[in-house]
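Beneath this line is the structure, given in structure tokens, with notes to follow.
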Amino acid sequence: MSKTIKHLSLCVILLFLAVSGLNGQDKGTVRMLKANGAVGPVMSEFIIGAIEKSNDANDTALIIELDTPGGLDTSMRAIIKEMNRSKVPIVVYVSPSGARAASAGTFITMAAHVAAMAPGTNIGAAHPVSMHGELDDTMSEKITNDFVAYIKSISDSRKRNAKWAEEAVRKSVSITNAEALKLNVIDLVAHNRDNLLKQLNGRTVTIDNKTVTLHTSDVKITNEEMGTRLTVLGIITDPNVAYILMMLGIWGLFFELTNPGTFFPGIIGAISLILAFYSFQTLPVNYAGVLLIVLSLVLFILELKFVSHGALTIGGIISMTIGSVMLFQNASEYYKLSLYLIAVTVLMTAGFFSIIIGLAYKAYKRKPITGIDGLIGSKAIAKTAIGKEGMVSVRGELWSACSDTLIEKGDDVEVTEVSGLKLKVRKISETL
């Protein structure tokens with residue numbers, strides 16, 4: 001009897017330990033990240049890095065909170081390739097309310113294992129836009145057909161509405177979260193993160209022809225941050241910031257070239273130009289605009305060398321304005337420069353050079369006050385009678401002098417010419 005009790009007690013203890021172990025075990029981790037702004041190299045590196053980390057950590061799922069107006073095709077495709085290779089289920093959640101998954105964001109959302117949207121969001125408008133000028137009809141049709149085939153293949157692989165996806169590319173249609181759910185463009189609508197995790201729990205997805213069930217109840221949440229390096233790169237790849245960096249670079253080098261040895265403006269200018277050129281690699285730059293801006297600086301500098309009475313300055317202002325407007329002229333809306341920034345930059349540059357030019361012109365017109373040339377126009381006193389020869393006192397010094405008319409000793413005279421060490425003078429009365 002006692003042995004039976006001991007065995008029962010041991011079983012109870014083992015059962016208790018087993019249950020305790022189950023309750024205390026790690027129920028998995030869901031990694032979350034926020035992807036806001038245009039789809040470009042920075043966002044691509046951030047998302048791809050998070051997918052790799054999530055796979056290395058064997059997370060339960062990776063949730064990408066997306067809000068984008070679109071972006072570059074190359075960056076979008078790089079993200080989708082990594083999503084397709086992922087062994088961890090990827091959830092794209094268009095959030096918060098008011099966010100959108102437009103253009104490239106549409107492709108990324110539909111490529112997710114689970115596509116979700118928050119109330120008050122929209123998706124679509126995925127027609128390709130050329131970043132390098134207008135295309136002829138044939139080339140435009142080729143690009144459109146390529147995008148249509150790509151989004152249809154994505155939709156088919158995720159069992160989503162391929163017909164609507166084609167219209168999003170061909171006709172730039174856009175729909176709300178409720179319409180997207182009804183049309184089988186997305187899988188669910190979630191009000192917030194908690195609601196999203198609740199709806200994901202128990203949902204199945206297919207990865208490598210295997211069915212995976214999501215267990216997102218009481219999971220550990222890990223927030224993936226972009227980090228300082230990518231944050232800085234994200235800032236400088238903004239077209240407005242890139243434009244400011246280019247102008248700072250040009251101004252800095254101009255100061256260094258006109259004032260050799262100052263170093264600081266040259267260093268700042270060189271760094272700014274390098275950062276600007278890095279940004280231009282990721283932006284749809286129209287280099288005709290860059291050349292016009294450089295030309296404007298050349299015209300401003302020429303105004304300093306040659307007095308054109310403002311003609312070169314006006315040309316510089318016009319060239320800089322047109323170049324700034326053209327810099328990203330063929331880009332999509334989110335890659336265009338602010339007109340206010342252009343106006344302020346042009347006015348500041350024109351104002352600066354106008355001031356410099358004004359000071360230079362005044363210095364040019366100012367009479368010399370030192371050296372031999374500085375004697376011309378000076379007042380003097382005849383120390384002797386002056387004809388072809390004579391002596392005058394100028395600034396406390398005695399000089400040989402001559403005159404075309406006879407000047408009496410003690411007359412007030414004015415220096416009109418300097419020839420070697422002899423001054424030519426005339427009586428003050430003769431100048432009246």
Side-chain angles (χ1 to χ4, degrees), residues 37-42 69-72 75 103 129-135 232-258 265-306 308-358 360:
V39 178
V42 174
L72 301 178
S75 299
S103 192
V129 178
S130 171
M131 296 298 186
H132 301 286
E134 296 295 331
L135 300 174
V232 171
L233 291 178
I235 293 173
I236 67 174
T237 51
D238 180 276
N240 293 295
V241 176
Y243 178 68
I244 293 173
L245 287 171
M246 181 183 68
M247 297 308 301
L248 286 176
I250 293 174
W251 291 340
L253 292 183
F254 169 77
F255 280 123
E256 184 63 36
L257 293 174
T258 53
I267 293 172
I268 295 299
I271 293 173
S272 297
L273 275 181
I274 291 172
L275 292 176
F277 289 146
Y278 170 83
S279 301
F280 287 166
Q281 288 182 333
T282 66
L283 295 170
V285 177
N286 183 343
Y287 285 97
V290 176
L291 292 176
L292 282 171
I293 292 172
V294 173
L295 174 62
S296 70
L297 270 296
V298 173
L299 293 176
F300 288 137
I301 293 172
L302 289 176
E303 185 69 82
L304 297 176
K305 304 295 183 181
F306 309 100
S308 68
H309 304 289
L312 291 172
T313 300
I314 293 173
I317 292 173
I318 294 173
S319 180
M320 180 171 285
T321 303
I322 296 174
S324 299
V325 173
M326 287 178 58
L327 194 59
F328 304 108
Q329 183 182 25
N330 296 316
S332 300
E333 176 185 354
Y334 42 90
Y335 279 129
K336 285 188 177 180
L337 281 177
S338 165
L339 293 179
Y340 294 105
L341 177 61
I342 294 174
V344 170
T345 303
V346 172
L347 290 175
M348 285 179 61
T349 305
F352 167 76
F353 279 99
S354 297
I355 293 172
I356 296 297
I357 292 166

Measuring from atom OG of Ser338 to atom CG of Asp238, what distance do you get when rounded to the nearest 0.5 angstrom?
10.0 Å
By side-chain contact (heavy atoms from CB on, under 4.5 Å) - contacts of Phe277 (at least two apart)
Leu273, Phe280
On a heavy-atom basis, the closest approach of Pro69 and Ser103 is O-CB, 3.7 Å
Only counting residues at least two apart or in another chain, list the ones meeting side chain to side chain donor-acceptor pair (under 3.5 Å) with Ser324.
Tyr243
So which atom in Pro41 and which in Leu72 form the shortest heavy-atom distance, rounded to 0.1 Å?
CD-CD1, 4.0 Å
Do side-chain atoms of Ser296 reach the backbone of Ile317 as a donor and acceptor pair under 3.5 angstrom?
no
Rounded to the nearest 0.5 Å, how far apart are CD1 of Ile244 and OG1 of Thr345?
6.5 Å
Run the side chain to side chain contact (heavy atoms under 4.5 Å, CB included) test on Ile236 and Leu245 for me, step by step, so that the C-alpha distance in whole Å, both residues' side-chain angles and the decisive distance to 0.1 Å come before the verdict.
CA-CA 8 Å; Ile236 67 174; Leu245 287 171; 4.1 Å; yes
For residues Gly40 and Ser75, report the shortest heavy-atom separation together with the two atoms involved.
C-OG, 3.1 Å
Walk me through it: do Trp251 and Ile268 pass the test side chain to side chain contact (heavy atoms under 4.5 Å, CB included)?
CA-CA 9 Å; Trp251 291 340; Ile268 295 299; over 6 Å; no
Could you tell me if the side chain of Leu327 sits less than 4.5 Å from the side chain of Val285, heavy atoms only?
yes
Locate the shortest heavy-atom distance separating Met246 from Ala276; write the atom from each residue and the value.
N-CB, 3.7 Å
Which heavy atom in Ile293 sits nearest to a heavy atom in Met320, and how many Å separate them?
CG1-O, 4.3 Å
Measuring from Leu253:CG to Ser272:OG, what's the distance to the nearest 0.5 Å?
9.0 Å
Side chain to side chain contact (heavy atoms under 4.5 Å, CB included), that's the test. Do Leu291 and Leu295 meet it? Break it down for me.
CA-CA 6 Å; Leu291 292 176; Leu295 174 62; over 6 Å; no
One should read off an interatomic distance between Ile342 CD1 and Leu347 CG, to the nearest 0.5 angstrom, of 11.5 Å
If you take all heavy atoms of Asn286 and Met326, which pair is closest and at what distance?
CB-O, 3.2 Å
Show, in sequence, the C-alpha distance, side-chain angles and deciding distance for Leu341 and Asn240, and conclude whether the side chain to side chain contact (heavy atoms under 4.5 Å, CB included) test is met.
CA-CA 8 Å; Leu341 177 61; Asn240 293 295; 3.6 Å; yes
With rounding to the nearest 0.5 Å, note down the distance linking CG in Leu299 to CD1 in Ile318.
10.0 Å
